[in-house]
2 protein chains.
Amino acid sequence: MTSQSERPEHPEHPEHPERPLRADAERNRAKIMAAAAQVFAAQGLEATLDEVAAAAGVGVGTVYRRFPDKDALIAALFDNAVDEIANLAHAAARRPNSWEALVWFLEEALQRQCSNRGLRDVVVGSTYAVDHMAHAKQRITPSIELLVARAQRDGYLRTDVVGADFPIMEMMISFLGNLTASAAPDLWRRYLTILLDGLVVSRSQPSVLQDFPVDHLVHEALHAEHRRARRAI
Amino acid sequence: MTSQSERPEHPEHPEHPERPLRADAERNRAKIMAAAAQVFAAQGLEATLDEVAAAAGVGVGTVYRRFPDKDALIAALFDNAVDEIANLAHAAARRPNSWEALVWFLEEALQRQCSNRGLRDVVVGSTYAVDHMAHAKQRITPSIELLVARAQRDGYLRTDVVGADFPIMEMMISFLGNLTASAAPDLWRRYLTILLDGLVVSRSQPSVLQDFPVDHLVHEALHAEHRRARRAI
DNA sequence: AGAAAAACGGAGTGCGCTACTCCGGTTAGA
DNA sequence: TCTAACCGGAGTAGCGCACTCCGTTTTTCT
């Protein structure tokens, strides 16, 4: 990511990024990235950098020594996540059956999105990593377009949907996934199945739906969510 | 709503709520409710009571004179919204065709939910009106259960879903609805159609999908959302 | 080993934001 | 006309969090 605005020289982010970090610094950098991924995935972007530092076992100062600000850290994580999903799309494209390729991609991508609240926050309205979104879109869109076109050509997928419908449906489902992540990490699959049953051209009977104690789970999930918001106990 | 915890006597909320308000006070109360409904629906519960007051054309003091705190105002609005949806469910139950009844209910309920961000905030994790949720659930659940059971009995609705699936699917869709409310207030209908195509027992071809310039709209919607979050311009 | 450079920790700071209060002025209604 | 009820909105209090600063520790180089 090239710095598009000449950032005022931060004392501890020298103009020679080539010089390798000291061993302990590099170790800490890795610990920070891992911890941040964990914390932001679990709590979303409102998580404090203090929390991230604590999870990484370092001080906040150390975090700020590696990343100029919260946004930079989040942007780095976001780029990683985008990479991963872009790779999934490519991998899917190499599958023989075009319907299974599409389904496989959706399942894999959603597995990531549903367990990553931070990802949702970036996509949906946070102020973080705003300028990385466009790049992510460019990166992923064409692959999805391809998967969709093939599934339609082969007569599996209804022809009145377009590539752009898929990110939307993914957002819908991953929203639910985030909500129920703690109570029932796989509940979203139930609704993906229903949605897929709505996306095939025709069918004579429903696909099998994974069973869940739905009523109970919803109660649990919302309760957990309310506790989360209350920020204590 | 009975006050379940003996609230310390607020000077301006006397113990005789029977005494009618003065004419201007009553007028203002109505203006506040209307403005609050509007503002919270549009912006969600993070909207300030200052904003509500401004929209109502009164001072903040006036708002606090009628409602002990923000939570009370929100709770009152929430109860209204729940009433409305409960009535929809009852009305739906009186329709002759059980499938059309279910579809009608979903469309009407979602129309409300999709244009009301505050409603979502209450349901999903806000700290406001927490204790009103249980009541709302009791109020609405049985009616939905009935609509579902009938549609299943008549062979329209797949039998592996349960009543509790519907609030979940509604949440999924209304999440999207809130997101795209400004850019394309009806986009959610597209995905409801697909979902419904996944909920019928069988079908030989897809239902007609309302057409949208989806790619463009998503871009718009997310952009708008990011601006909203930035809180300026 | 010893010195210089690099990195560390985490208490502290500043700031923005918002729920709520307070009181001098205004209005309804008898 | 008189007073109790009501109004407005500037001000307050307090929190939460991004970020800084500096005394201390660790690495690395000769």
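What you see is a predicted model; the values in this text were computed from it and never measured.
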Requested in this report: Go through the structure and list residues passing ring pair (Phe, Tyr, Trp, His ring centres under 6.0 Å) with F175(A), not counting sequence neighbours.
Outcome: F175(B)

Query - With H219(B) via ring pair (Phe, Tyr, Trp, His ring centres under 6.0 Å) - residues at least two apart - result: H223(B)

Report summary line: Sorted by number, residues from residues 28-39 of chain B placing a heavy atom under 4.0 Å from DNA chain D are N28(B)

Requested in this report: Output yes when at least one side-chain N/O atom of T62(A) is less than 4.0 Å from OP1 or OP2 of dA7(C), else no.
Outcome: no

Query raised in the report: For dT20(D), does either OP1 or OP2 sit under 4.0 Å from a side-chain N or O belonging to R65(A)?
Result: no

Query raised in the report: In degrees rounded to 10°, what angle is found between the helical axes fit to the five outermost pairs at each end of the helix from dA1(C)-dT30(D) to dA30(C)-dT1(D)?
Result: 10°

Requested in this report: With the side chain of R66(A) defined as its heavy atoms from C-beta on, choose the nearest nucleotide among dC7(D), dC8(C), dA19(C).
Outcome: dC8(C)

Query - Contacts of R139(B) that satisfy side-chain hydrogen bond (donor to acceptor under 3.5 Å, both in side chains) - sequence neighbours left out - result: D83(B)

Query raised in the report: Counting only N and O atoms by type, is there a donor-acceptor contact under 3.5 Å from the side chain of R112(B) to the main-chain atoms of E108(B)?
Result: yes

Query raised in the report: Just checking, is any N or O donor in the side chain of D165(B) or Y191(A) under 3.5 Å from an acceptor N or O on the other one?
Result: yes

Report summary line: Readout for nucleotides 23-30 of chain D: B = base within 4.0 Å of protein heavy atom, S = sugar-phosphate only, - = neither; 5' to 3' it is ---BSS--

Query raised in the report: Is it true that R189(A) and D186(A) make a salt bridge, defined as a side-chain N closer than 4.0 Å to a carboxylate O?
Result: yes

